[in-house]
Amino acid sequence: MSPHPTPAVYARLPEVHRDETRTQGLDRLELIRFLQVAQTITVHHGALAYLLGINALRASEAAAVRIEDYAETLRGHRVLHLVGKGNKPATMPITIPVLRVLEACRGERTGGRLILRPLTSKAVDRRDVYRMVQRIARAAAIPSTSARALPAPRRDNERPRCWRPTTT
């Protein structure tokens, strides 16, 4: 009998090299500028920016948000129901600033997808989200390498860099 309880200890694992500079995302000032500029483009760009930047949704999750998904109040807080990565259902609270932007985007509509293409009023997909983020980043003079990390922030194990306290 081997001294190790499992033969998996003999498996050779590949080395994983992670370039932290490529996934840093936006800093606090860039995020503030991103949110402000997005609201000046259209209400749909504003809602998308808040869902990605504040609620840390993935691009596909933000594109799939329906008006009905944030109508419920749970323990006194408005919540957003969504289906996350791996088809896992998730519920997250919505802050008042985010709720205001979502309500402005909703307008008089009572159902359907929240974020629509500004010109055609059709639902956006992941590619449209990418293009909208790039448009906001260009208008806000944010480098495209920083904005590229915005639609896929770290959610579970680490807060985005812009949420961390800075040392001065």
Side-chain angles (χ1 to χ4, degrees), residues 22-156 159-163:
R22 293 191 61 190
T23 59
Q24 286 297 315
L26 304 178
D27 64 23
R28 178 175 281 129
L29 295 177
E30 287 174 333
L31 178 64
I32 291 169
R33 193 167 66 241
F34 185 82
L35 296 173
Q36 290 172 341
V37 169
Q39 291 180 335
T40 65
I41 298 174
T42 66
V43 291
H44 301 284
H45 284 82
L48 176 66
Y50 271 78
L51 288 173
L52 295 174
I54 301 298
N55 280 41
L57 296 186
R58 293 176 177 85
S60 57
E61 294 169 349
V65 170
R66 301 181 63 79
I67 293 171
E68 302 87 7
D69 293 342
Y70 67 93
E72 183 181 349
T73 302
L74 186 64
R75 296 185 196 137
H77 298 282
R78 291 285 290 270
V79 294
L80 173 65
H81 296 285
L82 59 106
V83 177
K85 190 173 182 179
N87 289 328
K88 294 179 186 172
T91 302
M92 64 176 49
I94 301 176
T95 62
I96 299 299
V98 174
L99 184 61
R100 286 187 189 129
V101 173
L102 297 183
E103 289 296 316
C105 183
R106 178 180 67 98
E108 299 297 320
R109 296 181 291 142
T110 58
R113 292 274 184 94
L114 176 67
I115 302 172
L116 305 175
R117 293 179 186 160
L119 297 177
T120 62
S121 295
K122 293 186 178 184
V124 297
D125 60 9
R126 190 172 42 87
R127 288 179 222 59
D128 294 321
V129 169
Y130 176 79
R131 286 190 287 269
M132 291 169 79
V133 166
Q134 293 304 311
R135 180 176 177 193
I136 298 166
R138 273 194 311 272
I142 296 172
S144 62
T145 54
S146 295
R148 214 173 271 143
L150 183 66
R154 299 172 296 267
R155 182 182 349 185
D156 298 327
R159 292 180 299 176
R161 188 176 74 177
C162 61
W163 292 352

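By convention here, the first residue in the shown sequence is residue 1.
When all heavy atoms of Ile54 and Thr95 are compared, the closest pair comes out as CG2-OG1, 4.5 Å. Annotation for Ala139 and Val37: closest pair CB-CG1, 3.5 Å, computed over non-hydrogen atoms. In terms of heavy-atom proximity, Ala49 sits nearest to Phe34 at CB-CE2, 3.5 Å. Closest approach of Leu102 to Ala47, counting heavy atoms only: CD2-CB, 4.0 Å. When all heavy atoms are compared, the tightest approach of Val129 to Ala63 is CG2-CB, 3.8 Å.
Between atom CD1 of residue Ile136 and atom CG of residue Leu48 there is a gap of 5.5 Å, rounded to the nearest 0.5 Å. Atom OG1 of Thr91 and atom CD1 of Ile94 lie 10.5 Å apart (nearest 0.5 Å). From Leu29, atom CG reaches atom CD1 of Ile142 across 10.0 Å, with rounding to the nearest 0.5 Å.
Every pair passing salt bridge (Lys or Arg N to Asp or Glu O under 4.0 Å) that includes a residue from residues 107-117 is listed here, sequence neighbours excluded: Arg117-Asp128. Screening residues 41-52 for side-chain hydrogen bond (donor to acceptor under 3.5 Å, both in side chains), with sequence neighbours left out, gives Thr42-His45.
With hydrogens and angles disregarded, no donor-acceptor distance shorter than 3.5 Å links the side chain of Glu61 to the backbone of Leu82.
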Where do Lys88 and Val83 land on the side-chain contact (heavy atoms from CB on, under 4.5 Å) test, with the steps shown first? CA-CA 5 Å; Lys88 294 179 186 172; Val83 177; over 6 Å; no

- Check the pair Asp27, Leu31 against side-chain contact (heavy atoms from CB on, under 4.5 Å), reporting the backbone distance first and the verdict last. CA-CA 6 Å; Asp27 64 23; Leu31 178 64; over 6 Å; no

Pair Met92, Val79 - check side-chain contact (heavy atoms from CB on, under 4.5 Å), show working.
CA-CA 5 Å; Met92 64 176 49; Val79 294; over 6 Å; no

Full working for side-chain contact (heavy atoms from CB on, under 4.5 Å) between His81 and Tyr70: CA-CA 6 Å; His81 296 285; Tyr70 67 93; over 6 Å; no

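With sequence neighbours left out, Arg138 forms a side chain to side chain donor-acceptor pair (under 3.5 Å) with no residue at all. Residues satisfying the salt bridge (charged side-chain N to carboxylate O under 4.0 Å, His left out) criterion with Arg135, sequence neighbours excluded, are absent altogether. In this structure Ala64 satisfies the side chain to side chain contact (heavy atoms under 4.5 Å, CB included) test with no other residue, sequence neighbours excluded. Shown here are the side chain to side chain contact (heavy atoms under 4.5 Å, CB included) partners of Ile32, two or more places apart in sequence or in another chain: Arg28, Gln36. Annotation: salt bridge (charged side-chain N to carboxylate O under 4.0 Å, His left out) contacts of Arg127 (sequence neighbours excluded): Asp125. For Glu72, there are no salt bridge (charged side-chain N to carboxylate O under 4.0 Å, His left out) partners, not counting sequence neighbours. Shown here are the side chain to side chain contact (heavy atoms under 4.5 Å, CB included) partners of Val65, two or more places apart in sequence or in another chain: Leu51, Leu57, Leu80, Leu114. In this view, Arg100 satisfies the salt bridge (charged side-chain N to carboxylate O under 4.0 Å, His left out) rule with no residue, not counting sequence neighbours. Taking the side chain to side chain donor-acceptor pair (under 3.5 Å) definition, one finds that Asp69 meets it with nothing, sequence neighbours left out. By the side chain to side chain donor-acceptor pair (under 3.5 Å) test, Arg106 pairs with Glu103, sequence neighbours left out.
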